[in-house]
Amino acid sequence: FYSQQSGQLSFPSLTAHLCSGPLVALLLARDSALRHWRELLGPVDSQRARETHPRSLRAIYGTDKIRNALHGSDCFTAAEREISFIFPNTTIEPFPSRQAAENYLSKYVNPTLLKALTQLCKLKPTNPVIWLADWLFANNPNRPAVQEGIVELPSECGF
């Protein structure tokens with residue numbers, strides 16, 4: 001990730017920090033994801049972030065320029081390279097447009113969810129979250145049917 005910084009004086013401190021403990025790797029997907037994530041991160045230097053972007057993640061969780069708490073890819077090319085490094089079996093596909101996402105939700109998700117939430121309101125179960133999870137699992141229209149060792153996939157898959 002940081003090969004471009006290998007000649008800088010801070011590089012040994014940076015690599016020591018990156019290897020100092022566990023990390024959480026996330027792959028974020030949304031329209032303009034890089035821009036939105038970098039806005040949430042704030043400036044690379046956490047001290048500067050506290051001055052100019054006090055509500056940014058680096059201002060809140062970072063301590064300095066090296067220990068700035070979070071990483072954000074500089075551009076799409078860097079993101080592809082970093083994703084392939086951390087998640088080698090991931091296929092990077094274009095994020096659907098807003099309209100495509102709305103069409104998918106309207107056709108495949110909303111009808112099932114509407115039935116579930118209607119039942120939920122009628123029954124008023126004690127633990128609505130567990131009830132909803134169980135109902136969605138039992139009533140998943142895309143769940144494969146297994147009969148006598150043969151798996152039958154739904155005729156139309158929304159993926």
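Scope of the values below: all heavy atoms of this structure, side chains included, with no hydrogens, waters or symmetry mates.
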Hydrophobic cluster membership, with links at side-chain heavy-atom distances under 4.5 Å among I/L/V/M/F/W/Y: are [X] and [Y] in one?
| X | Y | result |
| --- | --- | --- |
| Tyr61 | Leu28 | yes |
| Trp135 | Leu120 | yes |
| Leu18 | Ile86 | yes |
| Leu123 | Ile130 | no |
| Leu40 | Leu70 | yes |

* To do: Using the test salt bridge (charged side-chain N to carboxylate O under 4.0 Å, His left out), find all partners of Asp31 that sit at least two apart in sequence or belong to another chain.
  => none
So, taking the atom named [atom1] in [X] and the one named [atom2] in [Y], what distance separates them when rounded to the nearest 0.5 Å?
| X | Y | atom1 | atom2 | value |
| --- | --- | --- | --- | --- |
| Asn127 | Leu132 | CG | CG | 10.5 Å |
| His17 | Ser13 | NE2 | OG | 10.5 Å |
| Lys122 | Leu117 | NZ | CG | 12.5 Å |
| Leu14 | Lys65 | CG | NZ | 10.5 Å |
| Asn110 | Tyr104 | CG | OH | 11.0 Å |
| Leu114 | Gln119 | CG | CD | 10.5 Å |

* Those residues that, when tested against Arg81, pass side chain to side chain contact (heavy atoms under 4.5 Å, CB included) (two or more places apart) -> Ala78
* Asked: What residues form a ring pair (Phe, Tyr, Trp, His ring centres under 6.0 Å) with His71, not counting sequence neighbours?
  -> Phe1, Tyr2
* Student check: side-chain heavy atoms of Thr112 and Leu136 closer than 4.5 Å -> yes
What are the two closest heavy atoms between [X] and [Y], and how far apart are they?
| X | Y | answer |
| --- | --- | --- |
| Ala79 | Ser73 | CA-OG, 3.3 Å |
| Asn142 | Asn140 | N-OD1, 2.8 Å |
| Ala101 | Pro96 | N-CB, 4.4 Å |
| Leu105 | Pro111 | O-CD, 4.2 Å |
| Arg58 | Val44 | NH1-CA, 3.5 Å |
| Ser46 | Asp64 | OG-O, 3.2 Å |

Would you confirm whether [X], through its side chain, and [Y], through its main-chain N or O, come within 3.5 Å as a donor-acceptor pair?
| X | Y | result |
| --- | --- | --- |
| Asn68 | Gly62 | no |
| Arg48 | His53 | no |
| Arg50 | Thr63 | yes |

